[in-house]
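We number each residue from 1, following the sequence as shown. Just so it is clear, the structure is predicted and the values come from calculations on it, not from any experiment.
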Amino acid sequence: MQFLAITSDKGDVEWEGRAAILKAEARQAWSLYLEGLVRSIWFTEAKDAILLLEAGSREEAEKALDSLPLVREGLITYTLHSLLPYTGFSRIMDGTDQRP
């Protein structure tokens with residue numbers, strides 16, 4: 001199953017001087033990537049992270065995200081969305097013409 005996680009900081013976090021935890025965060029994200037749980041990761045212009053996860057269950061995805069140091073320390077939160085197959089193409093597939 002695929003999941004989309006959107007992180008955000010608490011808004012009052014002073015990131016200056018937090019190099020150690022940010023390095024630990026990158027290390028854990030890399031570990032989750034190597035395990036195949038994190039498929040892609042991006043930053044938004046607001047520096048929030050967007051993660052595409054591949055996990056066997058929502059609980060597995062949550063466990064992976066909860067293992068991130070910034071989550072564990074309460075510096076960021078996340079929302080997790082299940083990604084479902086897109087079924088919209090069926091609206092244009094009537095069996096007579098399947099060309100775009």
Closest heavy-atom contact between [X] and [Y]?
X	Y	value
Ala61	Leu53	O-CD2, 4.3 Å
Tyr86	Arg91	OH-NH1, 3.9 Å
Leu32	Ala64	CD1-O, 3.5 Å

Verify the neighbour count for atom CH2 of Trp30: are there more than 12 heavy atoms of other residues, nucleotides or ligands below 6.0 Å?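 No, the 6.0 Å shell around CH2 holds no more than 12 heavy atoms from other groups.
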
Quick check on Phe89: does its CZ atom have over 12 non-hydrogen neighbours (other residues, nucleotides or ligands) under 6.0 Å away?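 Not more than 12 within 6.0 Å, no.
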
Heavy-atom check, side chain of [X] versus side chain of [Y], under 4.5 Å:
X	Y	value
Leu4	Leu80	no
Ile6	His81	yes
Met1	Leu83	no
Thr77	Ser8	yes

Side-chain donor/acceptor of [X] to backbone N/O of [Y], under 3.5 Å:
X	Y	result
Arg72	Ser67	yes
Glu60	Gly56	yes
Thr7	Ala49	yes

Set of salt bridge (charged side-chain N to carboxylate O under 4.0 Å, His left out) partners for Glu62, sequence neighbours left out: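 Checked Glu62 against salt bridge (charged side-chain N to carboxylate O under 4.0 Å, His left out); matches are Arg58.
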
Among all residues two or more places apart in sequence or in another chain, which pass the side chain to side chain contact (heavy atoms under 4.5 Å, CB included) test with Glu25?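 In terms of side chain to side chain contact (heavy atoms under 4.5 Å, CB included), with neighbours along the sequence ignored, Glu25 is linked to Leu68, Pro69, Leu70, Ile76.
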
